[in-house]
Amino acid sequence: MAAASRSFVLWLHGLGDSGPANEPIKTLFTSPQFKTTKWSFPSAPNNPVTCNYGMVMPSWFDIPEIPVTANSPNDENSLLKAVQMVHKMIDKELASGLLDPKNVFVCGFSQGGALTLASVLLYPKTLGGAAVFSGWVPFNSSIISQFPPNALKTPILWSHGVADRTVLFEAGQAGPPFLQQAGVSCEFKAYPGLAHSLNDEELRNLESWIKTHLQSSS
């Protein structure tokens with residue numbers, strides 16, 4: 001029987017991307033704490049996307065408009081179906097009983113970041129953390145009443161490029177006040193000059209952030 005992995009990182013890609021294309025991310029996490037980390041890079045199913053004129057592409061849920069602003073409409077029905085998919089992925093890892101939920105980290109870029117936020121805030125257990133990169137709040141504040149009490153204790157790291165023209169910086173900035181309203185702690189980091197992409201500085205910061213939230217195996 002394989003040794004239990006001490007931590008689990010689930011990475012959710014952006015619109016039109018794939019899981020395997022993002023796997024090189026894990027090579028940047030060189031600290032010894034990540035030697036026993038299990039990584040998962042799932043791919044979204046193919047779905048028609050409204051903001052791309054109904055074109056079918058890898059998409060976790062529907063996006064009504066691009067660029068995404070602080071006031072863009074949301075498609076909560078398709079979002080909640082995607083949240084159920086993510087919850088099944090997390091449940092599968094926790095089913096063995098050998099992994100502490102507080103060593104589960106969900107991370108995502110753009111559409112995957114929005115799904116990360118929704119999935120963690122609706123999950124019944126407190127997880128190690130959620131990292132949102134260039135994401136947005138994909139639901140209305142009326143959903144706050146559905147957040148389980150344990151979910152409110154999951155820490156959130158939010159990173160966003162100031163020069164983002166796809167998911168506007170204002171859409172990212174709307175995140176922390178929304179989370180504060182729900183009683184969730186969020187660390188927000190702005191990256192001047194960064195457009196709609198990930199950079200090594202963000203990922204180095206993610207590595208440090210996860211290390212501070214990892215639970216010891218003792």
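Since we're looking at a predicted model, the values are computed, not measured. Computed from heavy atoms alone, side chains included, the values below leave out hydrogens, waters and symmetry copies. One is the number of the first residue; the rest follow in order along the sequence.
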So which atom in [X] and which in [Y] form the shortest heavy-atom distance, rounded to 0.1 Å?
| X | Y | value |
| --- | --- | --- |
| V137 | A174 | CG2-O, 4.3 Å |
| C186 | W158 | SG-CB, 3.9 Å |
| S142 | S145 | O-OG, 3.4 Å |
| A182 | L152 | O-CD2, 3.5 Å |
| P24 | A21 | CD-O, 3.5 Å |
| P138 | A118 | CG-CB, 4.2 Å |

[X] side chain to [Y] main-chain N or O, any donor-acceptor pair under 3.5 Å?
| X | Y | value |
| --- | --- | --- |
| S59 | V49 | no |
| E65 | C51 | no |
| T69 | N71 | yes |
| N103 | R6 | yes |
| N52 | M55 | no |
| Q111 | F61 | yes |
| N74 | E76 | no |
| Q180 | S185 | no |

Distance-only side-chain donor-acceptor flag, [X] / [Y], under 3.5 Å:
| X | Y | value |
| --- | --- | --- |
| K211 | S31 | yes |
| S110 | H196 | yes |
| H13 | N22 | no |
| T37 | S7 | yes |
| D62 | N47 | no |
| S78 | D75 | yes |

Look up atom [atom1] in [X] and atom [atom2] in [Y], then write down how far apart they are to the nearest 0.5 Å.
| X | Y | atom1 | atom2 | value |
| --- | --- | --- | --- | --- |
| S119 | K88 | OG | NZ | 12.5 Å |
| N150 | T126 | CG | OG1 | 4.0 Å |
| K125 | K153 | NZ | NZ | 13.5 Å |

Any side-chain heavy-atom pair of [X] and [Y] under 4.5 Å:
| X | Y | value |
| --- | --- | --- |
| Y191 | E202 | yes |
| V104 | L10 | no |
| I144 | F139 | no |
| H160 | Q173 | no |
| L127 | I90 | yes |
| P67 | V167 | no |
| H213 | P155 | yes |
| P45 | P58 | no |

Exercise. Does the side chain to side chain contact (heavy atoms under 4.5 Å, CB included) test come out yes or no for S40 and F8, once each step is laid out?
Worked result: CA-CA 8 Å; S40 179; F8 175 63; 3.6 Å; yes
Common cluster, [X]/[Y], ILVMFWY with side-chain heavy-atom separation under 4.5 Å:
| X | Y | answer |
| --- | --- | --- |
| W60 | V56 | no |
| L79 | V120 | yes |
| L194 | V68 | no |

Exercise. Are the ring centres of F147 and Y123 closer than 6.0 Å?
Worked result: no
Problem set entry | Full working for side chain to side chain contact (heavy atoms under 4.5 Å, CB included) between I63 and T50 | CA-CA 6 Å; I63 302 176; T50 300; over 6 Å; no
For this session: Starting from F109, walk the hydrophobic network (Ile, Leu, Val, Met, Phe, Trp, Tyr; side-chain heavy atoms closer than 4.5 Å) and list everyone else you reach, by chain and number.
Result: V9, W11, I25, L28, F29, F34, W39, F41, F105, F133, L157, L198, L203, L206, W209, I210, L214
Problem set entry | With sequence neighbours excluded, residues passing side-chain hydrogen bond (donor to acceptor under 3.5 Å, both in side chains) with K189 | none
Problem set entry | From CA spacing to verdict: side chain to side chain contact (heavy atoms under 4.5 Å, CB included), L122, L80 | CA-CA 9 Å; L122 290 165; L80 293 174; 3.7 Å; yes
Exercise. For the side chain to side chain contact (heavy atoms under 4.5 Å, CB included) test, which of T116, V83, V184 pairs with L121?
Worked result: V184
